[in-house]
Amino acid sequence: MIDIKLLRANPDEYRQAARAKNISCDLDALLDVDRRLLDAQRELQDIKTAQNKAGKEIAQLQGPAKQAAIAQMTELKKRAKELSDTVTELEPKFQELMLLVPQPADPEVPLGRDDTENVELRRVGEVRKFDFTPKDHIELGTALDIIDVDRGVKLAGSRNYVLKGAGALMHQAILRLALDQMVAKGYTLMTVPVLVNESVMEGTGYFPVGRDQAYLCERDAQALVGTAEVPVTAYHCGEILAEADLPRKYVALSTCFRREAGAAGKDTYGLYRIHYFDKVEQVILGPNDVSASKAFHQEILRNSEDMLNALGLPYRVVNVCTGDLGQGQVQKFDIETWMPSRGNYGETHSASRFYEFQARRLNIRYRAADGSLKFCHTLNNTVIASPRVLIPVLELYQNADGSVTVPPALRPYMGGMERITGRA
RNA sequence: GGAGAGGUGGCUGAGUGGCUGAAAGCGACGGUUUGCUAAACCGUUAUACGGGGUCAUGCCCGUAUCCCGGGUUCGAAUCCCGGCCUCUCCGCCA
(Lines give C-alpha, C1' and ligand atoms only; values in the text may rest on other atoms or scores of the structure.)
Protein backbone atom coordinates (compact mmCIF):
# COMPACT_ATOMS: atom_id res chain seq x y z
CA MET A 1 0.00 0.00 0.00
CA ILE A 2 1.24 3.42 -0.91
CA ASP A 3 0.87 6.64 1.08
CA ILE A 4 -2.19 8.49 -0.22
CA LYS A 5 -0.56 11.80 0.68
CA LEU A 6 2.31 11.09 -1.69
CA LEU A 7 -0.13 10.19 -4.45
CA ARG A 8 -2.12 13.39 -3.92
CA ALA A 9 1.06 15.44 -4.07
CA ASN A 10 2.51 13.77 -7.14
CA PRO A 11 0.06 11.69 -9.16
CA ASP A 12 2.22 11.74 -12.29
CA GLU A 13 5.01 9.88 -10.56
CA TYR A 14 2.58 7.08 -9.76
CA ARG A 15 1.11 7.08 -13.26
CA GLN A 16 4.56 6.58 -14.71
CA ALA A 17 5.43 3.95 -12.13
CA ALA A 18 2.34 1.92 -13.00
CA ARG A 19 3.14 2.21 -16.69
CA ALA A 20 6.72 1.04 -16.15
CA LYS A 21 5.49 -1.98 -14.22
CA ASN A 22 2.95 -2.68 -16.91
CA ILE A 23 0.16 -2.64 -14.32
CA SER A 24 -3.13 -0.96 -15.14
CA CYS A 25 -4.60 1.02 -12.33
CA ASP A 26 -7.20 3.80 -12.39
CA LEU A 27 -5.53 6.53 -10.39
CA ASP A 28 -8.01 9.17 -11.53
CA ALA A 29 -10.87 7.14 -10.07
CA LEU A 30 -8.93 6.78 -6.84
CA LEU A 31 -8.18 10.50 -6.60
CA ASP A 32 -11.82 11.28 -7.31
CA VAL A 33 -13.07 8.96 -4.58
CA ASP A 34 -10.44 10.33 -2.25
CA ARG A 35 -11.58 13.93 -2.80
CA ARG A 36 -15.27 13.10 -2.34
CA LEU A 37 -14.51 11.08 0.76
CA LEU A 38 -12.44 13.87 2.27
CA ASP A 39 -15.19 16.43 1.56
CA ALA A 40 -17.80 14.28 3.26
CA GLN A 41 -15.53 13.58 6.21
CA ARG A 42 -14.77 17.25 6.70
CA GLU A 43 -18.43 18.25 6.66
CA LEU A 44 -19.33 15.39 8.96
CA GLN A 45 -16.60 16.44 11.35
CA ASP A 46 -18.08 19.94 11.55
CA ILE A 47 -21.50 18.52 12.35
CA LYS A 48 -20.03 16.29 15.04
CA THR A 49 -18.41 19.33 16.56
CA ALA A 50 -21.78 21.08 16.71
CA GLN A 51 -23.45 17.99 18.13
CA ASN A 52 -20.87 17.54 20.83
CA LYS A 53 -21.13 21.19 21.82
CA ALA A 54 -24.94 21.11 21.89
CA GLY A 55 -24.97 17.86 23.81
CA LYS A 56 -23.06 19.43 26.66
CA GLU A 57 -25.45 22.39 26.73
CA ILE A 58 -28.53 20.17 26.72
CA ALA A 59 -27.26 18.40 29.80
CA GLN A 60 -27.57 21.73 31.63
CA LEU A 61 -31.05 22.68 30.35
CA GLN A 62 -34.45 21.91 31.86
CA GLY A 63 -38.09 21.79 30.73
CA PRO A 64 -39.29 23.35 27.44
CA ALA A 65 -35.90 24.86 26.66
CA LYS A 66 -34.41 21.36 26.77
CA GLN A 67 -37.16 19.92 24.54
CA ALA A 68 -36.60 22.67 21.96
CA ALA A 69 -32.85 22.08 21.90
CA ILE A 70 -33.37 18.36 21.47
CA ALA A 71 -35.76 18.96 18.56
CA GLN A 72 -33.09 21.05 16.84
CA MET A 73 -30.51 18.37 17.28
CA THR A 74 -32.81 15.81 15.70
CA GLU A 75 -32.75 17.88 12.50
CA LEU A 76 -28.96 18.05 12.50
CA LYS A 77 -28.86 14.32 12.98
CA LYS A 78 -30.56 13.71 9.62
CA ARG A 79 -27.77 15.54 7.80
CA ALA A 80 -25.16 13.72 9.79
CA LYS A 81 -26.75 10.43 8.77
CA GLU A 82 -26.64 11.37 5.08
CA LEU A 83 -22.98 12.24 5.32
CA SER A 84 -22.05 9.15 7.24
CA ASP A 85 -23.86 7.05 4.63
CA THR A 86 -21.72 8.71 1.99
CA VAL A 87 -18.61 7.92 3.96
CA THR A 88 -19.73 4.32 4.48
CA GLU A 89 -20.26 4.00 0.75
CA LEU A 90 -16.98 5.61 -0.32
CA GLU A 91 -14.61 4.12 2.21
CA PRO A 92 -14.66 0.54 0.85
CA LYS A 93 -14.25 1.91 -2.67
CA PHE A 94 -11.26 3.91 -1.53
CA GLN A 95 -9.71 0.87 0.15
CA GLU A 96 -10.38 -1.31 -2.84
CA LEU A 97 -8.67 1.13 -5.21
CA MET A 98 -5.76 1.73 -2.84
CA LEU A 99 -5.01 -2.00 -2.76
CA LEU A 100 -4.41 -1.92 -6.52
CA VAL A 101 -1.86 0.89 -6.69
CA PRO A 102 1.64 -0.37 -7.46
CA GLN A 103 4.67 0.68 -5.47
CA PRO A 104 7.07 2.58 -7.74
CA ALA A 105 10.23 0.69 -8.65
CA ASP A 106 13.63 1.90 -7.52
CA PRO A 107 15.61 4.05 -9.98
CA GLU A 108 18.27 1.36 -10.37
CA VAL A 109 15.73 -1.12 -11.74
CA PRO A 110 16.16 -1.50 -15.51
CA LEU A 111 13.21 -0.46 -17.65
CA GLY A 112 11.73 -3.35 -19.58
CA ARG A 113 8.54 -5.02 -20.73
CA ASP A 114 8.98 -8.58 -19.45
CA ASP A 115 11.49 -11.17 -18.26
CA THR A 116 13.33 -11.13 -21.58
CA GLU A 117 14.61 -7.67 -20.62
CA ASN A 118 15.98 -8.64 -17.20
CA VAL A 119 19.64 -7.73 -16.84
CA GLU A 120 22.18 -10.39 -15.96
CA LEU A 121 24.48 -9.25 -13.16
CA ARG A 122 26.88 -12.19 -12.86
CA ARG A 123 27.41 -15.88 -13.53
CA VAL A 124 28.90 -18.17 -10.95
CA GLY A 125 30.16 -21.73 -11.44
CA GLU A 126 31.04 -23.82 -14.48
CA VAL A 127 28.29 -25.40 -16.54
CA ARG A 128 29.04 -29.11 -16.80
CA LYS A 129 29.83 -30.59 -20.20
CA PHE A 130 28.79 -34.23 -20.53
CA ASP A 131 30.81 -36.88 -22.33
CA PHE A 132 27.66 -39.00 -22.63
CA THR A 133 24.06 -38.18 -23.48
CA PRO A 134 22.56 -36.84 -20.26
CA LYS A 135 19.08 -37.74 -19.13
CA ASP A 136 16.57 -35.28 -17.73
CA HIS A 137 15.45 -35.46 -14.10
CA ILE A 138 12.25 -37.36 -14.89
CA GLU A 139 14.05 -40.05 -16.88
CA LEU A 140 16.63 -40.34 -14.11
CA GLY A 141 14.13 -40.22 -11.27
CA THR A 142 11.73 -42.69 -12.85
CA ALA A 143 14.46 -45.21 -13.62
CA LEU A 144 15.84 -44.90 -10.09
CA ASP A 145 12.29 -45.10 -8.69
CA ILE A 146 12.71 -41.91 -6.68
CA ILE A 147 10.22 -39.73 -8.60
CA ASP A 148 6.72 -40.95 -9.46
CA VAL A 149 4.75 -38.46 -11.50
CA ASP A 150 2.08 -40.88 -12.72
CA ARG A 151 0.87 -41.77 -9.27
CA GLY A 152 1.05 -38.15 -8.14
CA VAL A 153 -1.29 -37.28 -10.99
CA LYS A 154 -3.53 -40.21 -10.03
CA LEU A 155 -3.83 -38.75 -6.54
CA ALA A 156 -4.21 -35.06 -7.26
CA GLY A 157 -4.28 -34.30 -10.98
CA SER A 158 -1.74 -32.64 -13.22
CA ARG A 159 1.32 -30.92 -11.80
CA ASN A 160 1.48 -33.35 -8.90
CA TYR A 161 4.12 -35.94 -8.06
CA VAL A 162 5.47 -38.25 -5.41
CA LEU A 163 9.06 -38.37 -4.23
CA LYS A 164 10.11 -41.67 -2.73
CA GLY A 165 13.09 -43.40 -1.21
CA ALA A 166 16.34 -41.59 -1.85
CA GLY A 167 14.46 -38.89 -3.76
CA ALA A 168 12.39 -38.01 -0.72
CA LEU A 169 15.50 -38.28 1.44
CA MET A 170 17.43 -35.90 -0.77
CA HIS A 171 14.51 -33.47 -0.74
CA GLN A 172 14.52 -33.45 3.06
CA ALA A 173 18.30 -33.22 3.17
CA ILE A 174 18.31 -30.10 1.02
CA LEU A 175 15.66 -28.42 3.18
CA ARG A 176 17.48 -29.32 6.36
CA LEU A 177 20.81 -28.06 5.04
CA ALA A 178 19.11 -24.78 4.18
CA LEU A 179 17.59 -24.44 7.64
CA ASP A 180 20.89 -25.23 9.35
CA GLN A 181 22.77 -22.67 7.26
CA MET A 182 20.25 -19.95 8.07
CA VAL A 183 20.09 -20.74 11.76
CA ALA A 184 23.89 -20.62 11.85
CA LYS A 185 23.66 -17.13 10.40
CA GLY A 186 21.44 -16.01 13.26
CA TYR A 187 18.04 -16.22 11.64
CA THR A 188 15.21 -17.28 13.94
CA LEU A 189 13.56 -20.47 12.79
CA MET A 190 9.80 -20.63 12.99
CA THR A 191 6.94 -22.85 11.99
CA VAL A 192 3.90 -21.00 10.70
CA PRO A 193 0.34 -21.73 9.58
CA VAL A 194 0.02 -22.42 5.87
CA LEU A 195 -3.75 -21.90 5.84
CA VAL A 196 -4.22 -18.24 6.72
CA ASN A 197 -6.87 -15.55 6.93
CA GLU A 198 -7.49 -13.62 3.74
CA SER A 199 -6.41 -10.41 5.48
CA VAL A 200 -2.92 -11.89 5.72
CA MET A 201 -2.86 -12.61 1.99
CA GLU A 202 -4.02 -9.07 1.38
CA GLY A 203 -1.50 -7.62 3.79
CA THR A 204 1.44 -9.25 2.09
CA GLY A 205 0.19 -8.14 -1.32
CA TYR A 206 -0.96 -11.47 -2.74
CA PHE A 207 -4.62 -10.37 -2.66
CA PRO A 208 -6.60 -8.97 -4.38
CA VAL A 209 -4.20 -8.99 -7.34
CA GLY A 210 -3.17 -12.62 -7.72
CA ARG A 211 -6.13 -14.06 -5.84
CA ASP A 212 -6.66 -16.54 -8.67
CA GLN A 213 -3.26 -18.10 -7.90
CA ALA A 214 -4.33 -19.25 -4.44
CA TYR A 215 -6.31 -22.23 -3.27
CA LEU A 216 -9.23 -20.85 -1.28
CA CYS A 217 -11.08 -22.35 1.63
CA GLU A 218 -13.99 -20.02 1.20
CA ARG A 219 -16.17 -21.54 3.89
CA ASP A 220 -13.57 -20.34 6.39
CA ALA A 221 -12.47 -17.19 4.51
CA GLN A 222 -8.95 -18.60 4.43
CA ALA A 223 -6.39 -19.43 1.77
CA LEU A 224 -3.45 -21.79 1.42
CA VAL A 225 -0.23 -19.84 1.19
CA GLY A 226 2.01 -19.97 -1.87
CA THR A 227 5.04 -19.20 0.30
CA ALA A 228 6.01 -18.95 3.98
CA GLU A 229 6.77 -15.30 3.26
CA VAL A 230 3.08 -14.65 3.87
CA PRO A 231 2.67 -15.85 7.46
CA VAL A 232 6.22 -14.90 8.46
CA THR A 233 6.00 -11.33 7.16
CA ALA A 234 2.56 -10.94 8.73
CA TYR A 235 3.76 -12.41 12.04
CA HIS A 236 4.06 -8.93 13.57
CA CYS A 237 1.04 -7.35 11.88
CA GLY A 238 -0.68 -4.72 13.96
CA GLU A 239 2.28 -4.48 16.28
CA ILE A 240 4.63 -1.72 17.31
CA LEU A 241 8.18 -2.99 17.64
CA ALA A 242 11.11 -1.39 19.39
CA GLU A 243 13.76 0.05 17.09
CA ALA A 244 16.41 -1.73 19.14
CA ASP A 245 14.79 -5.04 18.17
CA LEU A 246 15.27 -4.41 14.45
CA PRO A 247 16.12 -6.02 12.19
CA ARG A 248 14.09 -9.14 12.78
CA LYS A 249 15.49 -12.02 10.74
CA TYR A 250 13.31 -15.06 10.28
CA VAL A 251 13.49 -18.32 8.39
CA ALA A 252 10.69 -20.81 7.92
CA LEU A 253 10.03 -24.02 6.03
CA SER A 254 6.60 -24.54 4.60
CA THR A 255 4.74 -26.38 1.95
CA CYS A 256 3.67 -23.97 -0.77
CA PHE A 257 0.46 -24.26 -2.76
CA ARG A 258 0.00 -22.68 -6.16
CA ARG A 259 -2.84 -23.02 -8.63
CA GLU A 260 -0.68 -21.87 -11.55
CA ALA A 261 -3.77 -20.32 -13.11
CA GLY A 262 -3.07 -18.97 -16.56
CA ALA A 263 -0.03 -21.19 -16.93
CA ALA A 264 -1.87 -23.94 -18.80
CA GLY A 265 0.45 -25.58 -21.26
CA LYS A 266 3.52 -23.86 -19.81
CA ASP A 267 6.33 -25.92 -18.26
CA THR A 268 4.08 -28.96 -18.19
CA TYR A 269 6.95 -31.41 -18.11
CA GLY A 270 8.71 -32.50 -14.94
CA LEU A 271 9.07 -30.94 -11.55
CA TYR A 272 9.50 -27.33 -12.65
CA ARG A 273 5.98 -25.92 -12.29
CA ILE A 274 3.93 -27.88 -9.79
CA HIS A 275 0.99 -27.35 -7.46
CA TYR A 276 2.77 -28.12 -4.21
CA PHE A 277 6.36 -27.97 -3.09
CA ASP A 278 8.44 -27.22 -0.01
CA LYS A 279 10.42 -24.07 0.42
CA VAL A 280 12.72 -22.52 3.00
CA GLU A 281 12.13 -18.77 3.01
CA GLN A 282 14.02 -15.93 4.66
CA VAL A 283 12.30 -12.73 5.77
CA ILE A 284 13.72 -9.53 7.21
CA LEU A 285 11.80 -6.75 8.93
CA GLY A 286 14.07 -3.74 9.06
CA PRO A 287 13.95 -0.07 9.96
CA ASN A 288 12.55 2.56 7.60
CA ASP A 289 15.86 3.24 5.90
CA VAL A 290 16.51 2.85 2.19
CA SER A 291 20.23 2.20 2.42
CA ALA A 292 19.74 -0.33 5.22
CA SER A 293 17.14 -2.10 3.11
CA LYS A 294 19.51 -2.25 0.16
CA ALA A 295 22.18 -3.77 2.38
CA PHE A 296 19.74 -6.39 3.69
CA HIS A 297 18.79 -7.14 0.12
CA GLN A 298 22.40 -7.99 -0.67
CA GLU A 299 22.59 -10.05 2.51
CA ILE A 300 19.63 -12.28 1.68
CA LEU A 301 20.91 -12.65 -1.86
CA ARG A 302 24.28 -13.78 -0.54
CA ASN A 303 22.61 -16.27 1.81
CA SER A 304 20.98 -17.98 -1.14
CA GLU A 305 24.16 -17.96 -3.17
CA ASP A 306 25.89 -19.64 -0.22
CA MET A 307 23.27 -22.36 -0.42
CA LEU A 308 23.80 -22.93 -4.14
CA ASN A 309 27.56 -22.91 -3.69
CA ALA A 310 27.23 -25.52 -0.95
CA LEU A 311 25.32 -27.68 -3.42
CA GLY A 312 27.89 -26.96 -6.13
CA LEU A 313 25.32 -25.67 -8.63
CA PRO A 314 26.12 -23.11 -11.36
CA TYR A 315 23.81 -20.10 -11.42
CA ARG A 316 23.41 -16.52 -12.50
CA VAL A 317 21.90 -13.49 -10.80
CA VAL A 318 19.59 -11.17 -12.72
CA ASN A 319 18.29 -7.70 -11.97
CA VAL A 320 14.60 -8.01 -12.75
CA CYS A 321 13.25 -5.25 -15.02
CA THR A 322 10.26 -3.03 -14.22
CA GLY A 323 7.78 -4.95 -16.37
CA ASP A 324 8.56 -8.22 -14.55
CA LEU A 325 8.21 -6.75 -11.04
CA GLY A 326 5.24 -7.46 -8.83
CA GLN A 327 2.87 -4.80 -7.59
CA GLY A 328 4.64 -4.19 -4.32
CA GLN A 329 8.26 -4.82 -5.12
CA VAL A 330 10.70 -1.93 -5.51
CA GLN A 331 13.44 -4.23 -6.75
CA LYS A 332 13.91 -7.93 -7.28
CA PHE A 333 16.95 -10.09 -7.91
CA ASP A 334 16.28 -13.54 -9.27
CA ILE A 335 18.76 -16.38 -9.07
CA GLU A 336 18.55 -18.79 -11.96
CA THR A 337 20.24 -22.15 -11.69
CA TRP A 338 21.58 -24.06 -14.68
CA MET A 339 19.23 -26.83 -15.74
CA PRO A 340 20.68 -29.14 -18.41
CA SER A 341 17.29 -30.41 -19.60
CA ARG A 342 16.14 -26.86 -20.28
CA GLY A 343 19.48 -25.97 -21.83
CA ASN A 344 19.23 -22.77 -19.89
CA TYR A 345 19.16 -21.15 -16.50
CA GLY A 346 15.83 -21.56 -14.70
CA GLU A 347 14.52 -19.42 -11.84
CA THR A 348 15.10 -21.01 -8.45
CA HIS A 349 15.20 -17.97 -6.15
CA SER A 350 13.56 -14.58 -5.96
CA ALA A 351 14.80 -11.85 -3.63
CA SER A 352 12.41 -8.95 -3.14
CA ARG A 353 12.60 -5.58 -1.44
CA PHE A 354 9.37 -3.79 -0.57
CA TYR A 355 10.20 -0.73 1.53
CA GLU A 356 6.93 0.16 3.35
CA PHE A 357 4.53 -1.48 0.92
CA GLN A 358 3.77 -4.61 2.93
CA ALA A 359 4.24 -2.99 6.33
CA ARG A 360 1.60 -0.38 5.54
CA ARG A 361 -0.91 -3.04 4.55
CA LEU A 362 -0.02 -5.12 7.60
CA ASN A 363 0.39 -2.15 9.91
CA ILE A 364 3.82 -3.18 11.18
CA ARG A 365 5.47 -0.20 12.83
CA TYR A 366 8.25 0.55 15.26
CA ARG A 367 9.05 3.29 17.72
CA ALA A 368 12.06 5.18 16.41
CA ALA A 369 14.75 6.59 18.68
CA ASP A 370 13.21 10.06 18.40
CA GLY A 371 9.89 8.71 19.69
CA SER A 372 8.06 8.77 16.37
CA LEU A 373 6.27 5.82 14.82
CA LYS A 374 7.46 4.51 11.49
CA PHE A 375 6.57 1.67 9.17
CA CYS A 376 9.10 -1.14 8.91
CA HIS A 377 10.70 -2.17 5.66
CA THR A 378 10.28 -5.79 4.58
CA LEU A 379 12.34 -8.11 2.39
CA ASN A 380 12.36 -11.77 1.55
CA ASN A 381 14.15 -14.37 -0.51
CA THR A 382 14.05 -18.06 -1.21
CA VAL A 383 16.75 -20.03 0.59
CA ILE A 384 15.89 -23.19 -1.30
CA ALA A 385 12.79 -24.59 -2.97
CA SER A 386 12.48 -28.28 -3.62
CA PRO A 387 11.77 -30.27 -5.70
CA ARG A 388 12.50 -27.57 -8.31
CA VAL A 389 16.14 -27.55 -7.23
CA LEU A 390 16.23 -31.33 -7.65
CA ILE A 391 16.16 -30.66 -11.39
CA PRO A 392 19.71 -29.26 -11.49
CA VAL A 393 20.94 -31.49 -8.69
CA LEU A 394 19.86 -34.75 -10.32
CA GLU A 395 20.74 -33.68 -13.86
CA LEU A 396 24.15 -32.20 -13.04
CA TYR A 397 25.23 -34.99 -10.67
CA GLN A 398 24.14 -37.85 -12.94
CA ASN A 399 26.60 -40.52 -14.07
CA ALA A 400 26.78 -42.40 -17.36
CA ASP A 401 25.31 -45.52 -15.77
CA GLY A 402 22.15 -43.67 -14.73
CA SER A 403 23.12 -43.32 -11.10
CA VAL A 404 23.33 -39.96 -9.33
CA THR A 405 26.16 -38.86 -7.08
CA VAL A 406 24.96 -37.25 -3.86
CA PRO A 407 26.45 -33.76 -3.41
CA PRO A 408 28.86 -33.98 -0.46
CA ALA A 409 27.02 -31.30 1.52
CA LEU A 410 23.90 -33.50 1.57
CA ARG A 411 25.52 -36.76 2.61
CA PRO A 412 25.42 -36.11 6.37
CA TYR A 413 21.67 -35.63 6.03
CA MET A 414 21.23 -38.85 4.05
CA GLY A 415 22.88 -41.32 6.33
CA GLY A 416 26.18 -40.96 4.52
CA MET A 417 24.73 -42.01 1.15
CA GLU A 418 27.16 -41.18 -1.68
CA ARG A 419 25.28 -42.41 -4.66
CA ILE A 420 21.69 -43.08 -5.67
CA THR A 421 21.73 -46.31 -7.62
CA GLY A 422 18.18 -47.48 -7.76
CA ARG A 423 18.51 -50.11 -5.10
CA ALA A 424 18.25 -47.40 -2.44
C1' G B 1 -19.44 -30.24 19.08
C1' G B 2 -22.24 -28.82 24.17
C1' A B 3 -22.29 -25.31 28.54
C1' G B 4 -20.43 -21.00 30.92
C1' A B 5 -17.10 -16.50 31.59
C1' G B 6 -14.75 -12.55 29.40
C1' G B 7 -12.35 -8.79 25.74
C1' U B 8 -10.82 -1.07 28.66
C1' G B 9 -4.23 2.57 27.37
C1' G B 10 2.87 -0.50 27.30
C1' C B 11 0.89 -3.86 31.57
C1' U B 12 -2.61 -4.72 35.93
C1' G B 13 -7.28 -2.89 36.77
C1' A B 14 -11.77 0.74 38.01
C1' G B 15 -15.80 2.45 35.52
C1' U B 16 -24.03 0.64 34.01
C1' G B 17 -26.12 7.00 29.87
C1' G B 18 -23.53 13.51 29.74
C1' C B 19 -18.55 15.96 34.60
C1' U B 20 -14.41 9.61 31.00
C1' G B 21 -9.32 9.75 26.01
C1' A B 22 -10.77 7.25 30.22
C1' A B 23 -9.55 6.65 38.07
C1' A B 24 -5.70 4.10 40.60
C1' G B 25 -1.35 1.20 40.56
C1' C B 26 2.89 -0.70 37.82
C1' G B 27 6.35 0.21 34.05
C1' A B 28 8.92 3.87 30.99
C1' C B 29 10.94 8.83 30.28
C1' G B 30 12.57 13.81 32.31
C1' G B 31 13.90 16.41 36.79
C1' U B 32 15.10 17.28 42.25
C1' U B 33 17.71 15.16 46.24
C1' U B 34 22.27 12.09 46.66
C1' G B 35 30.06 9.83 47.53
C1' C B 36 27.81 5.92 43.60
C1' U B 37 23.57 2.87 43.23
C1' A B 38 18.94 2.32 45.49
C1' A B 39 14.93 4.82 47.81
C1' A B 40 11.91 9.22 48.14
C1' C B 41 9.61 13.40 45.84
C1' C B 42 7.83 16.43 41.38
C1' G B 43 6.44 16.20 36.35
C1' U B 44 5.55 13.76 31.59
C1' U B 45 3.64 9.43 29.37
C1' A B 46 -1.90 6.84 22.98
C1' U B 47 -2.82 6.81 17.86
C1' A B 48 -5.01 8.16 13.23
C1' C B 49 -7.30 11.73 10.30
C1' G B 50 -8.88 16.88 9.19
C1' G B 51 -7.97 22.21 9.92
C1' G B 52 -4.63 26.33 11.50
C1' G B 53 0.32 27.97 12.24
C1' U B 54 5.91 27.60 11.30
C1' C B 55 11.56 27.91 6.68
C1' A B 56 11.17 23.49 9.63
C1' U B 57 10.37 21.07 14.42
C1' G B 58 7.76 22.33 18.71
C1' C B 59 2.72 24.02 18.82
C1' C B 60 -2.87 25.25 18.61
C1' C B 61 -8.10 23.68 17.30
C1' G B 62 -11.41 19.74 15.92
C1' U B 63 -13.05 14.60 15.00
C1' A B 64 -12.61 9.46 15.77
C1' U B 65 -10.87 5.29 18.62
C1' C B 66 -12.38 1.44 25.60
C1' C B 67 -12.14 -6.16 20.23
C1' C B 68 -14.97 -5.30 15.23
C1' G B 69 -19.66 -3.90 12.73
C1' G B 70 -24.66 -2.24 13.15
C1' G B 71 -28.76 -0.15 16.34
C1' U B 72 -31.35 2.84 20.40
C1' U B 73 -30.53 8.09 22.21
C1' C B 74 -30.04 15.15 21.76
C1' G B 75 -25.77 12.27 23.96
C1' A B 76 -22.87 5.32 24.48
C1' A B 77 -16.73 2.41 27.28
C1' U B 78 -21.66 2.04 29.69
C1' C B 79 -28.10 -0.21 26.80
C1' C B 80 -29.65 -3.73 22.37
C1' C B 81 -28.32 -7.03 17.99
C1' G B 82 -24.62 -9.57 14.95
C1' G B 83 -19.53 -11.11 14.34
C1' C B 84 -14.46 -12.24 15.81
C1' C B 85 -11.18 -13.75 19.55
C1' U B 86 -9.59 -15.62 24.47
C1' C B 87 -10.33 -18.58 28.87
C1' U B 88 -12.82 -22.64 31.92
C1' C B 89 -15.60 -27.31 32.17
C1' C B 90 -17.60 -31.59 29.35
C1' G B 91 -17.30 -34.56 24.82
C1' C B 92 -14.23 -36.03 20.67
C1' C B 93 -9.44 -36.51 18.63
C1' A B 94 -3.54 -36.49 15.66
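Values reported hereafter were calculated over all heavy atoms of this structure, with side chains retained and with hydrogens, waters and symmetry mates removed. Lettering follows sequence order; numbering is per chain, from 1.
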When rounded to the nearest Å, what value does the distance between P atoms of B:U45 and B:G25 take? 15 Å

What distance, rounded to whole Å, do you find between the two C1' atoms, one in B:G1 and one in B:G91? 7 Å

Sequence neighbours left out, what pairs pass ring-ring contact (aromatic ring centres under 6.0 Å, His included) with at least one residue falling in residues 28-64 of chain A? none

Tell me what A:K56 touches on the nucleic acid: a base, only sugar-phosphate, or nothing, going by heavy atoms under 4.0 Å. nothing

B:A24 and B:C42, which share atom name P, separated by this distance in whole Å: 13 Å

Please work out if A:K81 contacts a base, only the sugar-phosphate, or nothing of the nucleic acid, heavy-atom cut-off 4.0 Å. sugar-phosphate

Does any residue of residues 239-247 of chain A have a heavy atom under 4.0 Å from RNA chain B, and if so, which ones, in number order? none

By side-chain hydrogen bond (donor to acceptor under 3.5 Å, both in side chains), which residues pair with A:D145, not counting sequence neighbours? A:K164

Nucleotide of B:U47, B:G62, B:C74 approaching A:L373 most closely (side-chain heavy atoms): B:U47

On RNA chain B, compare the nucleotides closest to A:K66 and A:I58; which residue's is nearer the 5' end? A:K66

To the nearest Å, how far apart are A:E43 CD and B:A64 C1'? 17 Å

Give the rounded distance in Å between these two atoms: CE of A:M98 and P of B:A48. 16 Å

Scan residues 6-21 of chain A for pairs that pass salt bridge (charged side-chain N to carboxylate O under 4.0 Å, His left out), counting only residues two or more places apart or in two chains. A:R8-A:D34, A:D12-A:R15, A:R15-A:D28

Integer angstrom distance from the P of B:G70 to that of B:U65: 11 Å

Partner residues of A:D150 under the side-chain hydrogen bond (donor to acceptor under 3.5 Å, both in side chains) criterion, sequence neighbours left out: none

With side chains defined as the heavy atoms from C-beta onward, is the minimum distance between A:I284 and A:N380 less than 4.5 Å? no

Using Watson-Crick or G-U wobble geometry with both distances under 3.5 Å, which nucleotide pairs with B:G53? none

Length of the CD1-C1' vector between A:I70 and B:G18, whole Å: 12 Å

Atom-pair distance (CZ on A:R367; P on B:G10), nearest Å: 8 Å

Side-chain donor-acceptor pair under 3.5 Å between A:Q282 and A:N303, yes or no? yes

Could I get the full list of side-chain hydrogen bond (donor to acceptor under 3.5 Å, both in side chains) partners for A:S372, not counting sequence neighbours? A:D370

Keeping to residues at least two apart or across chains, list the ring-ring contact (aromatic ring centres under 6.0 Å, His included) pairs with something in residues 168-196 of chain A. none

Which nucleotide sits closest to the side chain of A:K48: B:A64, B:G18, B:G62? B:A64

Please enumerate all residues that pass ring-ring contact (aromatic ring centres under 6.0 Å, His included) together with A:Y355, with sequence neighbours excluded. A:H377

Kindly give the atom pairs (protein nitrogen or oxygen, nucleotide nitrogen or oxygen) under 3.5 Å for nucleotides 75-85 of chain B.
| unit_1 | atom_1 | unit_2 | atom_2 | d |
| --- | --- | --- | --- | --- |
| B:G75 | OP2 | A:K77 | NZ | 3.1 |

Run the salt-bridge test on A:D32 and A:R36 with the 4.0 Å N-O cut-off and return the result as yes or no. yes

Residue pairs passing the ring-ring contact (aromatic ring centres under 6.0 Å, His included) test with at least one member in residues 229-270 of chain A, sequence neighbours excluded, are A:Y235-A:Y250, A:H236-A:Y250

What does nucleotides 50-56 of chain B look like as a protein-contact string, B for base, S for sugar-phosphate only, - for none, at under 4.0 angstrom between heavy atoms? BS-----

Length of the CZ-C1' vector between A:F94 and B:A48, whole Å: 13 Å

So which nucleotide does B:U78 pair with, by the Watson-Crick or G-U wobble rule with both distances under 3.5 Å? none

Pairing partner (Watson-Crick or G-U wobble, both distances under 3.5 angstrom) of B:U44: B:A28

For A:K78, give me all partners under side-chain hydrogen bond (donor to acceptor under 3.5 Å, both in side chains), at least two apart in sequence or on another chain. A:E75

In whole angstrom, what separates A:N52's CG from B:C61's P? 16 Å

Could you check which nucleotide pairs with B:G21 in any of the strands shown, counting Watson-Crick or G-U wobble with both distances under 3.5 Å? none

Given the P atoms of B:C67 and B:C11, what is the spacing between them in whole Å? 13 Å

Below 4.5 Å, heavy atoms only, C-beta onward: do A:M1 and A:Q95 meet side chain to side chain? yes

Partner nucleotide of B:G35 by Watson-Crick or wobble geometry (both distances under 3.5 Å): none

Rounded off to whole Å, could you give me the CZ-to-P distance for the A:R365 and B:G10 pair? 10 Å

State the pairing partner of B:C89; accept Watson-Crick or G-U wobble contacts with both distances under 3.5 Å, and report none otherwise. B:G2

Same-atom distance (P) from B:G9 to B:A77, integer angstrom: 15 Å

Could you state the CD-P distance from A:E91 to B:C49, rounded to the nearest angstrom? 13 Å

